[in-house]
Amino acid sequence: MQRAVELAKRGWYSTSPNPRVGCVIARGELCVGEGWHERAGQAHAEVMALAAAGGQARGATAYVTLEPCCHQGRTAPCSQALINAGVSRVVCGMLDPNPLVAGKGVAQLQAAGLEVQVGILEAESRALNPGYIKRQVQGLPRVRCKMAMSLDGRTAMANGESQWITGVQARRDVQSLRAESCAVLSGAATVVADNARLTVREAELGEPLWQELRGRQPLRVILDRNGKCPTDAPIFQEAGPVLWIVGSNAIINTDWQQQKNLDILQQPTPRPDLESVMRALAERACNDVLVEAGPTLGGALLRAGLLDELTVYLAPKLMGSDARPLFELPLEHLADSIELDVKDIRPVGEDFRLDARLKKTQE
């Protein structure tokens, strides 16, 4: 099963919106076939492993990180493929929370006479797909906020100057966060001020990860209450889809409607409701959303309880008390503090990267 987990990671940047899954076909201690899901619409991990095993799959054990699917989607059911191949035993890391599967795959295998075991390396299997699991269970994506700040917790000077707080290597590291995300979300003010494109760039990501990405770009999402983002902004000059979310008072003109790869979502309220935004992204099959925004939007997401994780790049410099804070988060008492569970701190060039989860989101 550990090998299946490692195989699943090979699809880290390319399987969206599908889950990352790995599979090993073994006869005793001998691996006779292995595979992983590489891209949505292509063969699933079990089918890849069965193809590699050929006739040796009969009577063998299949180790798979996620319960085999049992419904017809863009590909045929994996549960039936395992049955047809004559596999005698299936070991699953976890049940699939997708209501179309959710134990039905296991039931189909058992009804066909296969021995099934569930829950082996379950924590490792769940860690492969936190966003997919949250979307299936809660109807919301996993939301990570990326920020860059100085040692004294500042993100921009009082006049808005912020490029660049961190060094080249930290900015390159951000490309990997974008690459593993289904969507990158920012506010219109940040998009305009930073001339942001929010794309994954080959030169910065590096050739090995670019090959793993297989050309996929995340959906770029702009929150723009009044619809004031100019149509000639750099974000619209890049290839790849853009979702422009505006409030009810925004006026949609023909210039916007003629933009290529642009989807416009006008909300029923003057200020877009953040939970509704996230649910709309989940409905668009977004498992993981990366927020790259200023302190206003970041603070609003925190107050709404919609952030799951923070990734903060910390630069060894001081920007002064007049500079802008990490979040607009007015709190009066220490008891109101938002607690974090720090998962990792590591150097990235001259800077440091801190990864943390909000404690209330811990499972």
Side-chain angles (χ1 to χ4, degrees), residues 16-17 131-132 134-147 177-178 181-199 217-238 240-310 327-330 338 358 360-361:
S16 173
Y132 171 80
K134 184 180 178 185
R135 178 168 69 88
Q136 297 295 341
V137 174
Q138 300 182 33
L140 291 166
R142 180 185 68 144
V143 183
R144 169 191 281 168
C145 187
K146 184 277 296 180
M147 308 289 281
L177 296 181
R178 291 182 182 175
S181 301
C182 301
V184 180
L185 180 149
S186 190
T190 298
V191 168
V192 173
D194 295 347
N195 290 320
R197 289 173 168 81
L198 304 181
T199 52
Q217 285 285 351
L219 173 67
R220 291 167 293 156
V221 184
I222 307 170
L223 285 185
D224 189 4
R225 177 177 58 178
N226 298 316
K228 298 299 185 182
C229 192
T231 56
D232 61 353
I235 193 169
F236 299 114
Q237 313 311 313
E238 298 282 345
V242 176
L243 175 62
W244 185 53
I245 302 178
V246 300
S248 59
N249 294 334
I251 298 174
I252 311 300
N253 59 42
T254 55
D255 288 341
W256 277 111
Q257 295 170 344
Q258 293 171 0
Q259 287 285 343
K260 295 181 179 179
N261 298 320
L262 175 63
D263 185 12
I264 301 173
L265 176 62
Q266 188 157 24
Q267 291 223 304
T269 55
R271 182 186 296 272
D273 177 75
L274 293 177
E275 182 172 342
S276 295
V277 167
M278 292 306 172
R279 291 196 179 278
L281 293 179
E283 290 171 0
R284 285 167 168 77
C286 291
N287 298 324
D288 299 279
V289 174
L290 178 66
V291 176
E292 298 191 37
T296 301
L297 178 55
L301 287 166
L302 264 178
R303 292 193 298 274
L306 292 170
L307 287 187
D308 298 294
E309 301 181 17
L310 300 178
F327 294 107
E328 286 188 5
L329 195 65
I338 296 175
L358 276 74
K360 64 180 178 181
T361 68

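Note: hydrogens, waters and symmetry copies are ignored here, and every other heavy atom, side chains too, is used. Quick caveat, the model's predicted, so the values are computed rather than measured.
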Derivation and outcome, side chain to side chain contact (heavy atoms under 4.5 Å, CB included), residues Leu301 and Leu274: CA-CA 7 Å; Leu301 287 166; Leu274 293 177; 3.9 Å; yes
May I ask you to test the Val277-Gln267 pair for a side-chain heavy-atom distance under 4.5 Å? yes
So, Glu292 side chain and Leu185 main chain: donor-acceptor pair closer than 3.5 Å or not? no
Looking at every heavy atom in both Pro272 and Ile245, which two are closest together, and how far apart are they? CB-CG2, 4.3 Å
Nearest non-hydrogen partners of Ala293 and Gly187, listed with the distance: CB-N, 4.3 Å
Check whether any side-chain heavy atom of Leu281 sits under 4.5 Å from a side-chain heavy atom of Leu243, and report yes or no. yes
Apply side chain to side chain contact (heavy atoms under 4.5 Å, CB included) to the pair Val137 and Tyr132, showing each step before the final yes or no. CA-CA 9 Å; Val137 174; Tyr132 171 80; over 6 Å; no
CD1 on Ile251 to CG on Asn226, rounded to 0.5 Å: 10.0 Å
Indicate the atoms forming the closest heavy-atom contact of Ile235 with Val242, along with that distance. O-CG2, 4.2 Å
Look up atom CG in Leu177 and atom CD in Glu309, then write down how far apart they are to the nearest 0.5 Å. 10.0 Å
Specify the closest pair of heavy atoms between Leu219 and Cys286, including all atoms of both residues, with the distance to one decimal. CD2-SG, 4.3 Å
Contacts of Arg271 that satisfy side chain to side chain donor-acceptor pair (under 3.5 Å) - sequence neighbours left out: none
Any donor and acceptor pair, going by atom type alone, linking the side chain of Gln237 with main-chain N or O of Ala233 inside 3.5 Å? yes
Between CD on residue Glu275 and CG on residue Leu140, distance to nearest 0.5 Å: 6.0 Å
Which pairs count as salt bridge (charged side-chain N to carboxylate O under 4.0 Å, His left out) when at least one residue sits in residues 219-233, sequence neighbours excluded? none
Is there a side-chain contact between Trp244 and Leu265, using heavy atoms and a 4.5 Å cut-off? no
Minimum heavy-atom separation for Gly298 and Phe327, please, with both atom names. C-CD2, 3.4 Å
Should Ile252 and Ile264 count as side-chain neighbours, where that means a heavy-atom distance under 4.5 Å? yes
Arg144/Asp308 ion pair, N-O < 4.0 Å: no
Which atom of Pro270 lies closest to which atom of Ser248, heavy atoms considered: N-OG, 3.1 Å
Is there a donor-acceptor contact under 3.5 Å from the side chain of Thr190 to the main chain of Ser186? no
Step by step, would you call Leu358 with Leu302 a side chain to side chain contact (heavy atoms under 4.5 Å, CB included)? CA-CA 9 Å; Leu358 276 74; Leu302 264 178; 3.5 Å; yes
With Ala285, which residues qualify under side chain to side chain contact (heavy atoms under 4.5 Å, CB included), at least two apart? Pro17, Arg135
Any ion pair linking Glu283 and Arg279 (charged N to carboxylate O, less than 4.0 Å)? no
Report the residues that fulfil side chain to side chain donor-acceptor pair (under 3.5 Å) with Ser276, sequence neighbours left out, ordered by chain and then residue number. Asp273
Side chains of Val246 and Leu223 in contact at under 4.5 Å (non-hydrogen atoms): no
Atom pair CD (Gln217) and CZ (Arg178), whose distance is rounded to the nearest 0.5 Å: 9.5 Å
In this structure, CG of Leu310 is separated from SG of Cys145 (nearest 0.5 Å) by 6.0 Å
Measure the CG-CZ distance between Asp288 and Arg142 for me, rounded to the nearest 0.5 Å. 4.0 Å
Partners meeting side chain to side chain donor-acceptor pair (under 3.5 Å) with Thr296 (sequence neighbours left out): Glu328
For Arg284, side chain to side chain donor-acceptor pair (under 3.5 Å) partners two or more places apart: Asp263
Before giving the answer on side chain to side chain contact (heavy atoms under 4.5 Å, CB included), spell out for Ile222 and Phe236 the whole-Å C-alpha distance, their side-chain angles and the decisive distance to 0.1 Å. CA-CA 11 Å; Ile222 307 170; Phe236 299 114; 3.8 Å; yes
